[in-house]
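Quick note on labels: first sequence line is chain A, next is B, and so on, each numbered from 1.
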There are 2 protein chains.
Amino acid sequence: MKDGPHIARVAALIGDNARADILTALMADRALTATELAGIAGVTKQTISGHLAKLLDAGLIEVDAQGRHRYFRLAGRDVAHLLESLMGVAFRTGAVRLRSSPREPALRKARVCYDHLAGELAVAAFEAMLMRGWFAARVGELSLTGAGRAAFEAIGVDVSVPGSSRRPVCRMCLDWGERRHHLAGGVGAALLQRMYAAGWAHRQKDSRVVVFSAEGEKAFREVFLLD
Amino acid sequence: MKDGPHIARVAALIGDNARADILTALMADRALTATELAGIAGVTKQTISGHLAKLLDAGLIEVDAQGRHRYFRLAGRDVAHLLESLMGVAFRTGAVRLRSSPREPALRKARVCYDHLAGELAVAAFEAMLMRGWFAARVGELSLTGAGRAAFEAIGVDVSVPGSSRRPVCRMCLDWGERRHHLAGGVGAALLQRMYAAGWAHRQKDSRVVVFSAEGEKAFREVFLLD
DNA sequence: TTCATGGTTCGATCCTAGCCGAACCATGCA
DNA sequence: TGCATGGTTCGGCTAGGATCGAACCATGAA
């Protein structure tokens, strides 16, 4: 016994409501200040400062100091994955927050997952893309086919990836609500940005919910789902 | 804020040392009694009973009552994944238990991961298997090729899967030490059992470490790694 | 029936850690 | 140089929860 990584330490860190709120918020927005996070978690500045120090110390988040602001973000993709994993188990075991049940349908339909789209729409779109052969599955990875590259460029999604970045171009991400995969990685992120820019959808304030406009959803379905 | 699954609840549950010990132990052995778990976690029967009740209530573990014994096991594969995810982050951020550093090298080399082999040897073997075309990668899954099926049967690994089981025949599992994949799923489990049966290796008592005999490791390397 | 063993329930204790008030440091703007 | 704002540090309060002793229930063996 007592071998291996000390999982209780990091789990305990996430096991506090305020800190879980912080991490969940950082999964949606890329960078938030301490005061914003205090508002989200519903605690005072002193308290949030203590929590952020602990998360920093543990290596779960990172900071960018800009002027007198400090922008916090998740330390890495593995943390985001861990959080999604937690959500999956919490969801299966019925540990859902009651206070927000009205908003849950919207959350299941479309939400932000770190930097890309998740939810029913995202899952359906990803499966349609696979059917059309936009991606080829390699061993642990997904790769863009010529057809896929052309299709994305036609919609105005930039699929060229900076050479220095070691980030995979496309990846799959398991959806906790649907229990099926959706598109992540560089292309997933670029696609979401494109949808914002085209006015198809926007982020709901203080939430991970992505709201589609009527025309936006229609366009989305035509481009991705119709077949 | 406050939307979606209540991750803090399940994280807090894992965030206690005794409960983390329980879950880690259950990742290795399939089923353990309350008293055994009390020994592993280093607490009394009363205490372990309370912890087990909480884990049961939260749906992280399940019980089989047999006579006056109660055998506990993880509630599902998603819990095992969550734990491996946690180990990955804990490992990256340097949260390793100091007391057991002597045993860590053995743990990194070969250990049990729920029901299959993990660690350096497992990763190397899996990559060699891929190179030889024993598996074909589909979208989210791995499938056994004809060559793979023949190869496994030649070693005496039963790759026939009960039709009723919805368990994937083969799956990949991310190794927290190596940060690369190893073989999981039905074939992974069958392979580990075969290695036990052949006397190549055995489980170290009260630990996830898998100890290879000299001949066992030699045979393993010849069958899987040599090329 | 009696005894040993596995497991649970209850109550009391004790300690950790989250929280806030107050004071303090640092940055940027006027 | 002042002043407002973002953020941290310190100290004390409090609550939740982990722990164990003791008593209790259930099962199986003698």
Side-chain angles (χ1 to χ4, degrees), chain A residues 1-2 6-26 29-58 60-73 95 97 206, chain B residues 1-2 6-26 29-58 60-73 95 97 206:
Chain A
M1 58 175 174
K2 323 283 191 247
H6 195 160
I7 63 171
R9 180 165 170 268
V10 12
L13 226 40
I14 310 179
D16 174 79
N17 275 314
R19 286 192 296 259
D21 284 344
I22 292 175
L23 294 169
T24 307
L26 291 180
D29 283 289
R30 296 306 293 275
L32 292 170
T33 68
T35 327
E36 289 171 321
L37 288 168
I40 291 174
V43 294
T44 59
K45 292 187 301 180
Q46 313 91 288
T47 305
I48 213 74
S49 179
H51 285 311
L52 290 170
K54 286 183 187 175
L55 290 172
L56 273 175
D57 184 58
L60 294 187
I61 61 175
E62 289 171 350
V63 214
D64 272 326
Q66 281 176 22
R68 61 177 161 182
H69 294 271
R70 300 186 73 197
Y71 288 94
F72 295 89
R73 57 175 199 280
R97 300 212 176 186
D206 294 337
Chain B
M1 59 175 175
K2 322 284 192 250
H6 195 160
I7 64 172
R9 180 166 171 268
V10 11
L13 226 39
I14 310 179
D16 174 79
N17 276 315
R19 285 192 294 259
D21 284 344
I22 292 175
L23 294 169
T24 308
L26 291 181
D29 283 291
R30 297 306 293 272
L32 292 169
T33 68
T35 328
E36 289 171 322
L37 288 168
I40 291 173
V43 294
T44 59
K45 291 186 300 180
Q46 313 91 288
T47 307
I48 214 75
S49 179
H51 286 311
L52 290 170
K54 287 184 186 174
L55 291 172
L56 273 174
D57 185 57
L60 294 187
I61 62 175
E62 289 172 349
V63 214
D64 272 325
Q66 282 177 20
R68 61 176 160 183
H69 294 271
R70 301 186 73 198
Y71 288 95
F72 295 90
R73 57 176 200 280
R97 300 214 176 184
D206 294 337

Exercise. When the distance from CG of A:Leu37 to P of D:dG6 is rounded to whole Å, what number comes out?
Worked result: 13 Å
For this session: Quickly work out the B:Arg19 CZ to D:dA18 C1' distance and round it to whole Å.
Result: 8 Å
Problem set entry | N or O in side chain of B:Thr47 less than 4.0 angstrom from D:dT19 OP1/OP2 | no
Exercise. Which one of A:Leu32, A:Ile22, A:Leu26 satisfies the side-chain contact (heavy atoms from CB on, under 4.5 Å) criterion with A:Ile40?
Worked result: A:Leu32
Exercise. Please give, in whole Å, the distance from C:dG7 C1' to B:Ile61 CD1?
Worked result: 14 Å
Problem set entry | Rounded distance (nearest 0.5 Å) linking atom CZ of A:Arg70 with atom CG of A:Asp64 | 10.0 Å
Exercise. Which one, C:dG6, D:dT8, C:dT9, comes nearest to the side chain of B:Ser49?
Worked result: C:dT9
Exercise. Any side-chain N or O of A:Lys54 under 4.0 Å from OP1/OP2 of C:dG18?
Worked result: yes
For this session: Over all heavy atoms of both residues, which pair between A:Phe72 and A:Leu56 is shortest? Give the atoms and the distance, please.
Result: CE2-CD1, 3.9 Å
Exercise. To the side chain of B:Arg68, which of C:dT5, D:dA22, C:dC19 is closest?
Worked result: C:dT5
Exercise. Is B:Thr44 near enough to D:dC20 that one of its side-chain N or O atoms lies under 4.0 angstrom from OP1 or OP2?
Worked result: yes
Exercise. Atom CZ of A:Phe72 to atom C1' of D:dG7: distance rounded to whole Å?
Worked result: 9 Å
Seminar exercise, completed: Rounded to whole Å, the CG-P distance (A:Leu56 to D:dT9) equals 11 Å
Problem set entry | Pairwise 5' ranking along DNA chain C for A:Ala18 and B:Ala53, keeping only the more 5' one | B:Ala53
For this session: Taking the side chain as every heavy atom from C-beta outward, state whether B:Tyr71 and B:Thr33 have any pair of such atoms under 4.5 Å apart.
Result: yes
Exercise. Does a nitrogen or oxygen in the side chain of B:His51 sit under 4.0 Å from OP1 or OP2 of D:dT19?
Worked result: yes
Exercise. Hey, does the side-chain of B:Gln46 have a donor or acceptor N/O within less than 3.5 Å of a partner on the base of C:dG7?
Worked result: no
For this session: Report the distance from atom CD1 of A:Ile22 to atom C1' of C:dC19, rounded to the nearest whole Å.
Result: 13 Å
Exercise. A:Ile14 has an atom CD1; how far is it from atom P of C:dA17, in whole Å?
Worked result: 16 Å
For this session: Would you mind reading off the distance between B:Ile48 atom CD1 and C:dT9 atom P, rounded to a whole angstrom?
Result: 15 Å
Exercise. If only side-chain N and O atoms of B:Arg70 are considered, is one of them under 4.0 Å from the OP1 or OP2 phosphate oxygen of D:dA26?
Worked result: no
Exercise. In terms of side-chain heavy atoms of B:His69, which of C:dG7, C:dC19, D:dG7 is nearest?
Worked result: C:dG7
For this session: Compare all side-chain heavy atoms of A:His6 with those of B:Asn17 and state whether any distance is below 4.5 angstrom.
Result: yes
